[in-house]
Each structure stands twice: as C-alpha cells, then as structure tokens.
Amino acid sequence: MSLSKPQHTISIFWVAICLALGTLPCLAWGEEADETLGLFSAWQEEASTASRAPKPLSQTAENVTVVTTAEIEALNAHTLADVLDTIPGIQVQHNGGPGVSAYTFIQSIDFIHTQVFVDGVSITNLGSGFSDTSLIPAHIIERIEIVKGAASSAWGQALGGVINVITKSPERGRTIAGAATASIGEQTTADTSLELSGTKDRLGYYLSGSYLGSDGLLPNTQINSNRAYAKLTYDLPNHGQIWATYFYTRADMGDLYAAAYDLKEQPDKRFQMGTLGLRYPMGDRLELEVSGHHSFNRVDNSYFNISNGAPWIPSLPTAINKELVSGASAKLVWRGDDNLLVAGSDYNHLETYVNSSDGSTVSPFSRKVERWGVFLNDTLTLGSVSLTPGVRFDHTQTAGDQFSPALGATWQLTDTTLLRAYTARGYGLPVLGLTDYPSVKIWTTQVGAESSAIPYVWVKGTLFRNQTWGDTVEQRIALGAELEARTTPIWNASLGAGYTFTDTTRTKDGSEVNDFARHTVQVALRYNDNTYRGVLTGRHVFWNSRPDENGSYGGLTWDLHLGAVLFKREQSSLELFFSGHNLFNASQYETYLIPNTGRWFEGGMRVRF
C-alpha cells in the first residue's frame, strides 16, 4: 500500500489530528433516543417538501422516502450514491469505488430521468441528462428526500422522480462546533473532511472541505477529488432568513476500462454552484421565498488505448462539455387552518459548449436556451383526509411546452395506518444539443399503505404503474410493487428489508423490455446502543440486461459498517469506524463493461468538537 501521494499524506495528518483531539478529557454520557424508534411515527411527525413546501408526511400523497443524518453516518458513506444503494426502490450502478461515476435509477426508470437537486438546484448535466450522485459528499448532507415517480407538477422535468439533498445548517447555540473525519482503505482509498459550524447573534455558518482519493479498486478507476461547501445564514425579524451557499468539486478519475475495445476513459469533472436566497413572512399565514443560482459544469473526457496509452481518436483525444446555468425561483406559501397553497415559478438560462471527440460535423457547437415554468400545488385537509391537486406549465424552448397535472390523496385510516394514492403526468427532456427532439412523457399512478398496526413492525407497501411514451421512445408500461418493512429494536437491534418488482413491457405487443431492473432486494440488520453501532446491509439487483451485455446477478452484495464511540462528553466525542464492502465477493452488474468492485476494507475515525 503506497502512501506517497500528497493527498494521502494529508489523510495521515488528519488521522493524527483526530487522535490528538481524542485525548480531550471525557465524561460519561447519557442515553439518547434510538433513531429507529422515530420511524414508527415518522409519517405523522416528519415533513417532506415534495410539493415545494414543508408538510407532514401524513399529508404527502407521493411515495416519499426520507433519509436522516444519523442513517447516513451509520453507513460510513462517502457520497450520496453510497446512501442511495440502501433505499428500497432505487438501483445504483457504480463504475468503480467511492466517488467514481454512479448511475441512479428510481423504480427501474432510466437514470437520465432521475432529477437530483442540492438545496433545490438541479445538478443534472445538460449534455447527457446524467445526475452524478457520486459528486455529492455524504458528510455535508443533513437530509435526503426521495420522491419516487413523476414529480413534474412541482419540479418540472422529473419523469422518474426527484432526489432532493438538503445540506447541513449552522449549529445553533454554539459559536464554533464541527467534526474532523479521516478514513483509509485498500488501494489507498482515503476520505478526509473537516467541518466547522456555528452561530453568532443572527449570523450562522457551515463550512466543509474534503478530499476523496483512491488508486482504484478496479482497473482504471483511480480518483482524486477535492470538495468544498459553505453555507451562510442571517436571521431576519419575524422568522425570515437570508442565505448563501457555495459548492465546489473537482474529480479527476478513471471511468471506463473496456478491454474488448482496447479503450479506457478518463474524465476530469469540475462543478461549481452558488445560491442566494431570501425567505420572509408576509403576515401570519403568507411567506415569500425568492432565490437565485448559478452553476458551472465542465467535463473533459479523454480516451486512450489500453494497450499502448495512445489517444483512442488521435485527431481529437479530449471531448469537452461546458455548461453554465443561471436562474431564479420564487414562490408564495399560504398556510391556512386546513390548507397549504404553494404558487411559484422557476426560470433558467442555459448555455452549453461541446467539442466532441467523435469528429462529427456538428462539433464543436454552442447553444443558449431560456426555460421557465409556473406551478400551483395545494394540500387541502378535511379531517383524516388530505387532497393534493397540483399543476405546472413549462416552456422548454427545445421540446415544446409541457403541462403536468397531478392529483393525490391520503387517508389516515387509524392512528397507526395511512393510505395513499397518487396519479400524475410527467415529462423528461432530451439532452441539449444542436438538434431538438420531443420530450418523453409518463403517466404515473401509485397506491399504497403504511402501517405500524402489527406490534413491533412497520410496513409500507406501494403498487405502481408507469406508462411511458414519446416520439423517440418505444411506448411501454411498467407494472410494479414495492414493499418495505422494519422492526422495532430488541436489545438495540432491528431488521429492515425492501423488495421492488418491476415488469416492463412494450405496449404494442406485450414483449419484455430489457435493461430495466426487474427485482431489487435490500436488507439491513442494525445495532445501536449509543456506544457501539453496526449495520449489515445486503442488496441484489436483477438488472435484466440483454444477453449480449453478459450481466451478472450473483446473490446479494453484503456490506458491514461498524462504529464505536470511545469517548464522549457533552459537546465532543471520538469515534472509530470500520467498513467491509462486498464481504463475499459477489459478482453483480448490468454489463461486463462495468463490473462491480470485489471485497475491500477501510477504517477511520471521527472527532466531534
């Protein structure tokens, strides 16, 4: 194991810092509530922003999953993609180890239709439709909200669903707080981060810097990635707030190793995003929120022969894709006694420049596009029933105007059981190029129930039907079912499981469509006594790929994540953690060109202060 790289030296430095901080005097600590217990009342107490304003999950008709900070930390996750691996109904295809490109599917719908937002701003690549969930560091995430199924009535282009990442907020009541984390594993896979957070009078801050690197757990999947995130808040009178955020990441990596084509790909990804927003009450019931954002996305893809390292296409060895997005959003939220009304608009100015390496006649080219949309969503509560009509109109400039209606309802049948129903029309846009194509459409219908009526068990079941069509897409229907279950902790241990079945067929003749996952299984055994914790996860995705893709579906892929709090006092702690990935070397991938990683191990420590 080589530790000669400067970044690895930094990793060792962080480990030493963590050890030094760990010598802080320690006191005994009291018991804390187990996060798992909250799950059983989550749909009554937690809130989601599926319709662009917080409301209780018991009034949310969409199929929503919420992931908390504690659940993320228990997984020793490096990026958002590592967390999504464990969520029922989601399939993630990794191109390598942590930080390397990851393709995220929701309920087996193509990854180009999964919209990923960070603090409400899309990170989707305009030129590919790809939202790389491996770019988002896990440690900056406070909460993840996942809407499964079309969500266009609130979010615009969201045919497959929405993954909304809400970043951490400044620590309240302390001037300075934070955490230092360092881990190292096989192939010098290192992840180090420093977080600082606090408030002084009305001003709050959260700052994070981190490095993720690896020599590669598969051929040509090395990565060197630097990330920075900052959030500033200023509290206004009457519970108003001004905020600003900045996110930067650069990842130089290997991404594809196709021996059959004597080809390897090495992208250099750079992404920056800044936001500025204002939230202000306009009275007891009305609130105004306006925000602006700007993002820069550049990907340089270089291609080489594996055999001799020469450029794969000598005339133009590097493909350059540069994108600029500037936009603004505004919304009014009215909260009545039995009514939550959200009216808003989004505007985006898009610029793209492409210098393709394929030598096509349209390369290089650049293009500018203006897009805007207006939406209106309502949640009307009548006793134990909530109705959620919604509608949105979008002007895309490249794929026509889009009308996206939705209607949902929840019925709290008993204190322990909730019924949900949701139907919506959504759309997905083709990539932004010189040639315009029509949008892809979907009609989603989902019905389900959530209950903790059975002692010690929480269950959630959903049936869904997705009909997809478009001029460039073969019309198809996906019928499926999703089932989640968890038990209450017994001796600090609990079980969780999820299963998703999807049958995707062509409308014209009922024949099966390949390349859409058919079976997805996720299981988890959790233990947490507030000193020692452990999570054993298993996942299996039957990708149902074409025979010539030579996919592999060998059993479950098991990961073990352990942690121990060695010392803890009121405002500081020292924790050691360890992860074993793919413990039994399972072979599980959609195509032979992108195999999964084998068994590997890592460990590290975290100091909170």
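In what follows, residues are counted from 1 in the order of the sequence shown. Below, all heavy atoms of this structure are taken into account, side chains as well, without hydrogens, waters or symmetry copies.
- The aromatic rings of F578 and F601 lie parallel to each other, their planes meeting at an angle below 30°, with 60° marking the opposite boundary.
- S131 and T124 share a donor-acceptor pair across their side chains, judged by distance under 3.5 Å alone.
- For residues 110-139, the salt bridge (Lys or Arg N to Asp or Glu O under 4.0 Å) pairs, not counting sequence neighbours, are D132-K269.
- Under the rule for a side-chain contact (heavy atoms from CB on, under 4.5 Å), the partners of D548 that lie at least two apart in sequence or sit in another chain are R546.
- Shown here are the side-chain contact (heavy atoms from CB on, under 4.5 Å) partners of I144, two or more places apart in sequence or in another chain: V67, I72, L80, V83, I141, I146, I163.
- Using modelled atom types, one finds a donor on one side chain and an acceptor on the other under 3.5 Å when comparing Y211 with N224.
- The two residues G254 and V100 come nearest to each other via the heavy atoms O-CG1, 3.6 Å.
- A salt bridge links E71 with R486; the closest basic N to acidic carboxylate O contact falls under 4.0 Å.
- With 3.5 Å as the limit, one finds no donor-acceptor pair spanning the side chains of E171 and S197.
- The salt bridge (Lys or Arg N to Asp or Glu O under 4.0 Å) contacts involving residues 578-594 comprise nothing, where partners must be two or more places apart or lie in separate chains.
- Side-chain atoms of Q91 and T520 form a donor-acceptor pair, as typed in the model, at a separation below 3.5 Å.
- Residues that satisfy the side-chain contact (heavy atoms from CB on, under 4.5 Å) test with S169, not counting sequence neighbours, are E142, K231.
- At a cut-off of 3.5 Å, with distance as the only test, a side-chain donor of T65 or K148 sits close to an acceptor on the other residue.
- For the residue pair H561/E73, the side-chain donor-acceptor check at 3.5 Å is not satisfied.
- Taking the six-membered ring where the residue is Trp, F111 and F130 present perpendicular rings, their angle passing 60° and hence far from 30°.
- Side-chain atoms of E195 and Y206 include a donor-acceptor pair closer than 3.5 Å.
- The salt bridge (Lys or Arg N to Asp or Glu O under 4.0 Å) pairs that include a residue from residues 550-567 are R539-D559, where partners are two or more places apart or lie in different chains.
- K264 has no carboxylate O lying under 4.0 Å from a charged side-chain N of D255, or vice versa, which leaves the two without a salt bridge.
- A donor and an acceptor atom, one from each side chain of T114 and T104, are nowhere located under 3.5 Å apart.
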